[in-house]
Amino acid sequence: MKKLSVLLLVTAFFTVTLSAKPKDKSKKKNSSAVVTVASTSWSAAFADIAGIDEVKAIAPTNLRHPPEYEITTSDVVTINSADFFIYAGFERMMKTLGEKLANENTQMIKIALDNSLATVKTSTEAIAKAAGTEKEQAKRFAEYETVILDARADCEKANLTELKVFCNKNQTYLAKELGLNIAGIFGPGPLTSEQLLEAKKQGYDLIIDNVHNPVGKPVLEVVPDAKYIEWRNFPETVERNALIKVIKANISKLFD
C-alpha cells in the first residue's frame with residue numbers, strides 16, 4: 001500500500017510536470033514574482049538570510065521533527081510550480097522526489113544545514129547566487145554573525161565558557177560558536193550505560209539537549225546538580241529573522 005501511494009505521488013508529479021507551461025527563469029530571478037519553496041522551516045530560514053523575503057515551507061512548522069514529514073500530491077504540485085526549491089537532502093520527502101526534478105524550470109538548491117557561522121554563510125551565499133540577492137545576503141548574514149559574536153562575548157563575561165558541557169551532537173555547532181567548553185557529546189540516539197557512567201565521572205555542569213529529539217535527561221540521574229536545557233534548530237515559524245530568533249532564544253536559556 002505504501003509503495004502504491006508513492007507510485008501515485010510520483011505519477012502525479014510527472015503528470016503536472018508534463019502539463020506545466022515553461023517559465024523564463026532568467027527574467028524572473030530579480031523579480032518579486034519569483035516563487036521560492038523550501039523543504040522545512042529551517043531551509044526557509046536560510047533562504048531568508050539569503051535575501052529572499054517570501055518563502056513557503058513544505059513541512060508544517062509545528063512538527064517536532066520536520067524532516068520526517070512526507071509530501072502529499074499538493075506538495076508536489078507546489079514544488080513543481082516553484083522557481084527555486086531549497087532542501088538539505090536528509091528530508092524524508094527527498095526519498096520520494098529524488099534529487100533531480102523532472103521539471104527543468106524548477107531549480108533545486110541543495111544546502112548544508114547547521115547553525116554555525118561557516119555553514120550559514122556558505123549555504124546562504126549559494127542561495128543568493130541563484131536568486132540574484134547577493135547584496136542583501138551579505139547584509140543579513142552580517143546581522144546573524146553579530147548576534148553570535150555578541151553572545152560569545154557575553155558568555156565569556158559570565159564565565160559560561162568555563163563550564164563543563166555535555167552537548168547533543170546536533171547542537172554542538174552553536175555551542176562551539178559561543179566558545180562553550182564541550183567536554184562530552186551524546187546523541188542523536190539514546191544514551192548508553194557507558195555514557196552515563198562517564199557523565200557521572202566527568203560531573204558535567206551543563207547539559208545541552210536537542211528539543212527536536214531530546215535524549216539527555218537521564219544524565220540528571222547521575223549528575224543531579226547539572227543544568228539541563230534544550231536548544232532548537234528549526235524555527236517554529238517562517239518569517240523574517242526566523243533563525244536569529246531561534247539563536248537568541250537558545251542563548252537566553254544559558255542565562256536563565
Side-chain angles (χ1 to χ4, degrees), residues 38 40-51 65-67 86 88-90 110-128 134 136-188 199 202 204-216 219 226-256:
T40 64
S41 60
W42 203 4
S43 49
F46 274 55
D48 166 61
I49 294 178
H65 200 235
I86 302 169
F90 55 71
K110 185 176 182 179
I111 60 173
L113 287 178
D114 67 60
N115 294 334
S116 67
L117 289 173
T119 297
V120 173
K121 185 175 190 293
T122 300
S123 292
T124 58
E125 283 179 343
I127 298 169
E134 291 93 338
E136 187 63 22
Q137 181 276 337
K139 176 184 175 182
R140 296 184 184 186
F141 174 75
E143 294 171 353
Y144 180 81
E145 183 178 41
T146 296
V147 169
I148 289 182
L149 294 182
D150 286 350
R152 181 189 298 175
D154 290 339
C155 287
E156 291 175 354
K157 290 178 183 178
N159 296 322
L160 295 181
T161 53
E162 297 179 8
L163 299 179
K164 188 179 291 188
V165 180
F166 195 34
C167 191
N168 188 295
K169 178 181 179 180
N170 290 321
Q171 297 298 345
T172 56
Y173 305 97
L174 177 59
K176 289 177 180 178
E177 295 291 7
L178 297 178
L180 300 182
N181 174 27
I182 301 176
I185 297 174
F186 66 95
Q202 291 292 334
Y204 298 113
D205 302 301
L206 174 64
I207 303 163
I208 302 176
D209 209 349
N210 181 23
V211 72
H212 308 288
N213 184 31
V215 295
V219 179
K227 179 178 180 178
Y228 174 89
I229 61 175
E230 293 179 353
W231 276 359
R232 172 176 296 278
N233 282 324
F234 290 81
E236 295 180 281
T237 57
V238 176
E239 61 178 332
R240 181 73 183 91
N241 285 329
L243 194 59
I244 284 180
K245 291 177 180 178
V246 166
I247 296 304
K248 286 183 175 181
N250 288 346
I251 292 168
S252 68
K253 292 184 178 181
L254 292 172
F255 296 89
D256 289 345

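Listed by chain and residue number, C167, T172, A175, K176, I185 satisfy the side chain to side chain contact (heavy atoms under 4.5 Å, CB included) test with I182 (two or more places apart in sequence, or in another chain). In terms of the side chain to side chain donor-acceptor pair (under 3.5 Å) criterion, residue partners of N168 (sequence neighbours excluded) are, by chain and number, D209. A112 pairs by the side chain to side chain contact (heavy atoms under 4.5 Å, CB included) definition with T119, S123, not counting sequence neighbours. Every residue two or more places apart in sequence or in another chain was checked for a side chain to side chain contact (heavy atoms under 4.5 Å, CB included) with N181, and none qualifies. For S41, there are no side chain to side chain donor-acceptor pair (under 3.5 Å) partners two or more places apart in sequence or in a different chain. Taking the ring pair (Phe, Tyr, Trp, His ring centres under 6.0 Å) definition, one finds that F186 meets it with F166, sequence neighbours left out. With sequence neighbours excluded, the residues forming a salt bridge (charged side-chain N to carboxylate O under 4.0 Å, His left out) with E239 are K245, listed by chain and number. With sequence neighbours left out, E136 forms a salt bridge (charged side-chain N to carboxylate O under 4.0 Å, His left out) with R140.
Counting heavy atoms from C-beta outward, I111 and F46 have side chains that approach closer than 4.5 Å. Considering only heavy atoms from C-beta on, V246 stays 4.5 Å or farther from F234 through its side chain. In this structure the side chain of I208 reaches within 4.5 angstrom of the side chain of L180, judged on heavy atoms.
Between Y204 and A183, the shortest heavy-atom contact is CE2-CB, 3.8 Å. The heavy-atom pair separating A128 from A50 by the smallest distance is CB-O, 3.6 Å. Of all non-hydrogen atoms in G216 and I207, the two that sit nearest each other are O-CG2, 4.4 Å.
For the atom pair N233 CG and H212 NE2, the distance stands at 4.5 Å (nearest 0.5 Å). Residue Y173 holds its OH atom at 15.0 Å from CG of L178, rounded to the nearest 0.5 Å. From Y144, atom OH reaches atom CG of L243 across 4.5 Å, with rounding to the nearest 0.5 Å.
Using a distance-only test at 3.5 Å, with no hydrogens or angles considered, a donor-acceptor pair links the side chain of D48 to the main chain of N241. Judged by distance alone, the side chain of Q171 and the main-chain N or O of W231 form a donor-acceptor pair under 3.5 Å. With hydrogens and angles ignored, the 3.5 Å screen pairs a side-chain donor or acceptor of N213 with a backbone N or O of P188.
The salt bridge (charged side-chain N to carboxylate O under 4.0 Å, His left out) pairs that include a residue from residues 110-128 are E99-K110, K121-E125, where partners are two or more places apart or lie in different chains. Annotation: salt bridge (charged side-chain N to carboxylate O under 4.0 Å, His left out) contacts involving residues 178-188, sequence neighbours excluded, are absent.
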Kindly list each side-chain donor-acceptor pair under 3.5 angstrom involving residues 147-163, sequence neighbours excluded, with atom names and distances?
from	atom 1	to	atom 2	distance (Å)
R152	NE	E177	O	2.5
R152	NH2	E177	O	2.9
R152	NH2	E177	OE1	3.3

Which atom pairs, donor and acceptor, lie under 3.5 Å between side-chain atoms of residues 248-256 and protein residues at least two apart or in another chain?
from	atom 1	to	atom 2	distance (Å)
N250	OD1	R232	N	3.0
N250	ND2	R232	O	2.8
S252	OG	A249	O	2.7
K253	NZ	E230	O	2.7

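No hydrogens or angles considered: a donor-acceptor pair under 3.5 Å links the side chains of N115 and W42.
Taking the charged nitrogens against the carboxylate oxygens, K227 and D205 have no contact shorter than 4.0 Å, which rules out a salt bridge.
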